[in-house]
Amino acid sequence: MWCSGPFYLCKGKDKHMAKAKKTVFFCQNCGYESAKWMGQCPGCREWNSFVEETVSQGAKKGPGQAAGSAAGGRAGKPMMLSQIDIREDNRIKTSMEELDRVLGGGVVQGSMVLVGGDPGIGKSTLLLQVCKLLSDAGHKILYISGEESLQQIKMRAQRIGEFNENLRLLCETNLEIISTTIENEKPEAVIIDSIQTMYNEEVSSAPGSVSQVRESTGILMKIAKGMGISVFIVGHVTKDGSVAGPRVLEHMVDTVLYFEGDRHASYRILRSVKNRFGSTNEIGVFEMQECGLVEVKNPSQVMLNGRPTDASGTVVVCSLEGTRPILIEIQALVTKTNFGLPRRTSVGIDYNRVNLLMAVLEKRAGLALGNCDAYVNLAGGMKLGEPAIDLGIVAAIISSYRNRTVDPDTLIFGEVGLSGEVRGVSQAQQRVKEAEKMGFTTCIMPKANLEGLQGKFKIALIGVGNIKDVMGYI
């Protein structure tokens, strides 16, 4: 088709149309923005993570606009540390001790908490129980759902218990309507389920995209900081277990909590990955029942229930999660392989760590494990990565290989090095105290931690400096 007008007019028209629609490329892992597609992201070095999205010119904000809005429009006036008042009543107790421990003592007013986890793990159930506890305490709560209808939420709420008038429900995905509702209702806490369903009309991309998640989180952050409202947002997770969307999402919020566990099992672990108001090492243990999630006050007793006492390859270890020592059983099964390539399988423990410890046993202890299949399991469905369980893994493998039973009243902990040495671990006194409380009579531990603990406990303490010393007790 030929143009009937001047060439420069048509060229200018095409140029104007090209400017009206602008597309950029975002990294789905870290949110890096680029004008063109790239195979590897310069920010996070991830491959094939760029997606093309249409960006509205009106949605672009200056770098300082978000900070000014988050502060409620106040002018930035510098203050001295002595002028800043910190009050304990800034935290709201949820009456759920496991959750309060992970949060650092309670919900901080004006904070933003991201809760992630696999589908069906119990994120919505946990937050609905938090709504019930806070509303029973007289706090005004607003629960906003973009995935479920009001009838679905009520069906789940009937299993939890009776709710009072302090809890209000809203099914909406438009952030403009949500912001207006929050300003009118003025609740003390808001639940957003989930952030991937929310959308901002100023951003032309689809809900759940990098742009929408980032802009929606920014708006909710302004509301939380400007009005002093505690905001809980639910985030979907990817195949590798991280929160879906840009990595910048985790940097924007104050606290990131991950709900772990097998949805087919009954126990759940709430783990803090990031917390600006507390420790990032704390965990909360819950059990899924018909009435919802029930707190597990003594995880050690629960994890050790039903363990065999006359089978080889079972050892009880002590792992420290934050300030809480947890006793858990490690099971190992070592058998001759029927094929040329032996199998190595681990559940709940780092696979590479198990292979490393087996290589140490072959080199330093002389065990012929090269022609054996090895299966190592952490009972109870938990996942542990602390080096203090190394000695327990080694003892379980030796016990299964020799087909000898470890005394069921013996606890083992310690870190193992590549030369076979047993290194000391932190807070050994708390681990021994927990073992004594649970009725253990013997504790095999690093010799470096033995000094200063002799005579303080009724439990027999045995210090070892090498994995060969451990073999004498199995």
Side-chain angles (χ1 to χ4, degrees), residues 19-35 50-73 110-116 127 142-149 168-187 189-238 243-254 256:
K19 284 186 176 181
K21 185 179 181 181
K22 180 183 178 181
T23 59
V24 295
F25 293 86
F26 288 100
C27 174
Q28 292 179 299
N29 186 48
C30 67
Y32 185 89
E33 181 178 342
S34 174
F50 276 92
V51 292
E52 184 179 10
E53 294 183 7
T54 304
V55 179
S56 174
Q57 296 289 339
K60 299 285 284 184
K61 295 178 175 61
Q65 185 173 348
S69 301
S111 64
M112 195 168 189
V113 181
L114 173 63
V115 182
L127 292 178
L142 178 61
Y143 189 100
I144 302 173
S145 176
E147 299 179 341
E148 297 177 310
S149 63
R168 302 294 175 90
L169 302 177
L170 175 66
C171 291
E172 184 57 59
T173 58
N174 192 331
L175 269 174
E176 185 176 352
I177 299 176
I178 292 174
S179 302
T180 304
T181 305
I182 294 175
E183 292 177 1
N184 295 335
E185 294 289 333
K186 293 182 174 59
V190 175
I191 312 295
I192 304 293
D193 188 8
S194 66
I195 190 63
Q196 276 80 13
T197 60
M198 303 298 155
Y199 74 93
N200 184 5
E201 293 181 342
E202 295 183 358
V203 182
S204 58
S205 57
S209 62
V210 176
S211 302
Q212 285 286 5
V213 171
R214 183 171 56 183
E215 292 294 330
S216 301
T217 307
I219 293 175
L220 293 172
M221 178 63 76
K222 298 173 191 175
I223 294 174
K225 302 302 181 183
M227 301 180 63
I229 299 175
S230 302
V231 178
F232 288 83
I233 60 177
V234 177
H236 296 165
V237 296
T238 57
V243 175
R247 181 62 65 178
V248 69
L249 177 63
E250 296 188 3
H251 296 299
M252 295 174 66
V253 300
D254 298 313
V256 179

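Atoms considered below: every heavy atom in the structure, side chains included; atoms not considered: hydrogens, waters and symmetry mates.
- Taking CG of Leu170 as the reference point, atom CD1 of Ile177 lies at 8.5 Å (rounded to 0.5 Å).
- With sequence neighbours left out, the side chain to side chain donor-acceptor pair (under 3.5 Å) criterion links Ser145 to no other residue.
- For Glu176, there are no side chain to side chain donor-acceptor pair (under 3.5 Å) partners two or more places apart in sequence or in a different chain.
- Side-chain contact between Asn200 and Gln212 is present, with at least one heavy-atom pair separated by less than 4.5 Å.
- Here the side chains of Glu147 and Gln196 are not in contact, with every heavy-atom distance at 4.5 Å or above.
- Between Met198 and Ile144, some side-chain heavy-atom pair lies under the 4.5 Å cut-off.
- Minimum interatomic distance between Ala224 and Ser111 (heavy atoms only, all atoms of both residues): CB-O, 4.2 Å.
- In terms of heavy atoms, Phe50 sits closest to Ser34 at CE2-CB, 3.8 Å.
- Listed for the Asp254 side chain is no donor-acceptor partner under 3.5 Å among the backbone atoms of Val113.
- Shortest non-hydrogen contact noted between Cys171 and Glu148 is SG-O, 3.2 Å.
- Ile192 contributes atom CD1, which lies 7.5 Å from atom CG of Leu175 (distance to the nearest 0.5 angstrom).
- Side chain of Lys225 to main chain of Lys222: no donor-acceptor pair is present (N/O by atom type, distance under 3.5 Å, no hydrogens or angles).
- Results of the side-chain contact (heavy atoms from CB on, under 4.5 Å) test with Leu249 over Thr217, Val210, Val256 single out Thr217 as the only residue that passes.
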- Query: Given the rule in the side-chain contact (heavy atoms from CB on, under 4.5 Å) test, do Met252 and Leu114 qualify, once you have shown the distances and angles that lead to the verdict?
  - Reply: CA-CA 10 Å; Met252 295 174 66; Leu114 173 63; over 6 Å; no
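- Side chains of Glu185 and Val190 form no contact here, defined as non-hydrogen atoms less than 4.5 Å apart.
- Partners of Ser179 under the side chain to side chain contact (heavy atoms under 4.5 Å, CB included) rule, at least two apart in sequence or in another chain, are Ile219, Ile223.
- For Thr173, the side chain to side chain contact (heavy atoms under 4.5 Å, CB included) partners at least two apart in sequence or on another chain are Thr197, Tyr199.
- Partners of Glu52 according to the salt bridge (Lys or Arg N to Asp or Glu O under 4.0 Å) rule, which considers only residues two or more places apart in sequence or in another chain, do not exist here.
- Applying the side chain to side chain donor-acceptor pair (under 3.5 Å) test to Glu201 and every residue at least two apart in sequence or in another chain returns Asn174.
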Practice problem: Would you check, one step at a time, whether the test side-chain contact (heavy atoms from CB on, under 4.5 Å) holds for Leu127 with Asp193? | Solution: CA-CA 9 Å; Leu127 292 178; Asp193 188 8; 5.8 Å; no
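- The shortest side-chain heavy-atom distance between Phe232 and Val234 does not fall under the 4.5 Å cut-off.
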